[in-house]
Number of protein chains: 2
Amino acid sequence: MGKYHHGDVRNVLLQQAETILTDEGPSGLSLRRLARLTGVSEAAPYRHFDGKDGILAAVAIAALERFAAQLEAVADTTEQHEERIMALGAAYVRFAVENPQHFRLIFGRERPPLDQYPELRDAADNAFDVLQRAVTSVDRKAEMTLAEAASAYNRALAAWSRAHGIAMLVIDRMIVPPVDQDLSDFVLGLLAEDLTIPEST
Amino acid sequence: MGKYHHGDVRNVLLQQAETILTDEGPSGLSLRRLARLTGVSEAAPYRHFDGKDGILAAVAIAALERFAAQLEAVADTTEQHEERIMALGAAYVRFAVENPQHFRLIFGRERPPLDQYPELRDAADNAFDVLQRAVTSVDRKAEMTLAEAASAYNRALAAWSRAHGIAMLVIDRMIVPPVDQDLSDFVLGLLAEDLTIPEST
DNA sequence: CTTTAATGTTAACAAAGTTAACATAAGAAA
DNA sequence: TTTCTTATGTTAACTTTGTTAACATTAAAG
């Protein structure tokens with residue numbers, strides 16, 4: 001009975017972990033259950049990953065790479081600067097809504113410690129670099145004064161935190177986007193919203 | 001030996017749970033450890049709470065009440081509408097920074113299900129009502145047209161999500177507030193930041 | 001004083017993460 | 001080919017946790 005060495009267990013485990021995580025989130029992912037579902041012994045995953053955090057890190061890295069790629073695609077296809085900021089915000093929220101568990105894994109407390117998984121740290125840094133480059137228009141940085149650069153950085157933080165807040169509140173169902181409106185339009189509306197007091201007529 | 005009935009175990013448990021949660025977060029709070037630290041048998045907490053979720057719910061309710069009280073205090077002492085929105089945002093972030101674990105408990109996945117703890121749901125509803133009332137200036141609602149009311153609601157969502165995003169990214173250390181600046185000033189700066197493109201000089 | 005409800009206790013169970021000890025397969029070295 | 005080593009699996013154990021059941025004691029109601 002060739003139960004030993006059934007091929008690339010590592011990838012099958014990762015794939016299965018991806019499925020479980022999508023359905024039940026990081027805390028619902030049990031290594032033992034994962035092993036059983038994969039049809040392998042309960043200790044087998046430890047041959048391929050550094051325990052549970054190791055698997056979560058691997059899934060998080062893959063998620064961050066998809067996230068970064070989607071953001072970059074949007075940034076690359078949007079010429080106008082302001083428009084690009086908005087489009088990035090919408091893409092950011094869209095990723096969160098379409099991949100809530102992955103989004104939570106990327107940002108939440110279940111994320112393995114960055115300093116123990118250098119590749120995870122790199123993946124995270126890269127994704128946020130994409131954001132920041134796109135928002136601060138790095139291609140013009142050479143011409144910027146210090147004050148301009150500082151202002152650009154603040155604008156990046158503002159844009160990021162707005163998108164992040166919307167994403168979080170939506171996936172936590174504290175905010176329910178209107179069903180009769182496109183998600184992007186809803187997000188763009190919130191991003192563009194101006195908090196200064198409207199003129200009293 | 002009067003080991004039985006040492007007084008109000010419930011409150012001692014709650015207090016101890018509060019301490020543990022502050023240090024280690026909801027997932028670090030183990031019922032058994034809590035019982036041991038409290039000097040009571042490991043099953044005793046079940047006499048006073050509906051399991052782990054019950055304790056978390058109790059802590060979350062208390063936290064939400066403090067949260068709401070702090071927001072309300074700020075809302076009440078700020079006259080000007082725009083200024084009030086900003087001040088609320090700063091207070092929102094301040095609570096998160098000063099009580100990161102409680103903030104996470106209120107919003108995160110470890111929060112017990114609202115539909116199983118009606119008091120928790122009430123506490124949450126109340127806190128967000130305080131926010132929304134303050135932002136939409138409910139005292140003028142009678143004079144509003146439908147369009148104005150919709151716009152006010154959108155402004156409330158925008159303000160909320162901005163504060164929430166800053167709060168989350170700061171407590172997750174994705175954003176590190178400048179050490180040489182007051183936290184509120186930093187937050188107010190981000191809230192006021194305008195994403196429209198700056199004039200090219 | 002008796003009865004009962006509240007509150008504690010100990011003991012057990014299942015599930016999870018993890019590690020150790022052992023088994024087998026595959027490939028390198030002889 | 002035969003042997004040695006490494007990678008990969010397996011089983012079995014240990015610890016911690018959440019939870020419940022069965023039993024004990026106290027406080028209060030009747």
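In what follows, every chain begins at residue 1, and chains take the letters A, B, ... in the order their sequences are listed.
- Proximity of B:Leu56 to B:Leu105: side-chain heavy atoms (C-beta onward) are separated by under 4.5 Å at one or more points.
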Distance-only donor-acceptor pairs under 3.5 Å for side chains of residues 59-77 of chain B, two or more places apart:
unit_1	atom_1	unit_2	atom_2	d
B:Thr77	OG1	B:Ala73	O	3.1
B:Thr77	OG1	B:Val74	O	3.3

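- Across the protein-nucleic acid pair, B:Leu31 atom CG and C:dA14 atom P stand 20 Å apart, rounded to whole Å.
- Between A:Asp53 and A:Arg111 there is no salt bridge, since no side-chain nitrogen of the basic residue lies less than 4.0 Å from a carboxylate oxygen of the acidic one.
- Across the protein-nucleic acid pair, A:Arg32 atom CZ and D:dT16 atom P stand 15 Å apart, rounded to whole Å.
- One atom, CG of B:Asp8, and another, P of C:dT7, lie 11 Å apart when rounded to the nearest Å.
- A:Ser30 has no side-chain polar atom (N or O) that falls below the 4.0 Å cut-off from OP1 or OP2 of C:dA15.
- In this structure, the CD atom of A:Glu24 is 14 Å from the C1' atom of C:dA16, given to the nearest Å.
- Between the CZ atom of B:Arg33 and the C1' atom of D:dT15 there is a distance of 15 Å, given to the nearest Å.
- Across all strands shown, A:Arg10 has no heavy atoms under 4.0 Å from either base or sugar-phosphate atoms.
- Among the protein residues, A:Leu34 comes within range of no part of the nucleic acid, since none of its heavy atoms lies under 4.0 Å from any strand.
- Defined by atom type and a distance below 3.5 Å, a donor-acceptor pair is missing between the side-chain atoms of B:Arg109 and A:Ser27.
- At a threshold of 4.5 Å between non-hydrogen side-chain atoms, the residues A:Phe186 and B:Leu157 count as touching.
- Within the structure, the ring pair (Phe, Tyr, Trp, His ring centres under 6.0 Å) test picks out the following pairs touching residues 100-127 of chain B (sequence neighbours left out): B:Tyr92-B:Phe103, B:Phe103-B:Phe107, B:Phe103-B:His164, B:Phe107-B:Phe128, B:Phe107-B:His164.
- Taking every heavy atom of residues 41-62 of chain B and every atom of DNA chain C, pairs under 4.0 Å involve B:Ser41, B:Ala43, B:Ala44, B:Arg47, B:His48, by number.
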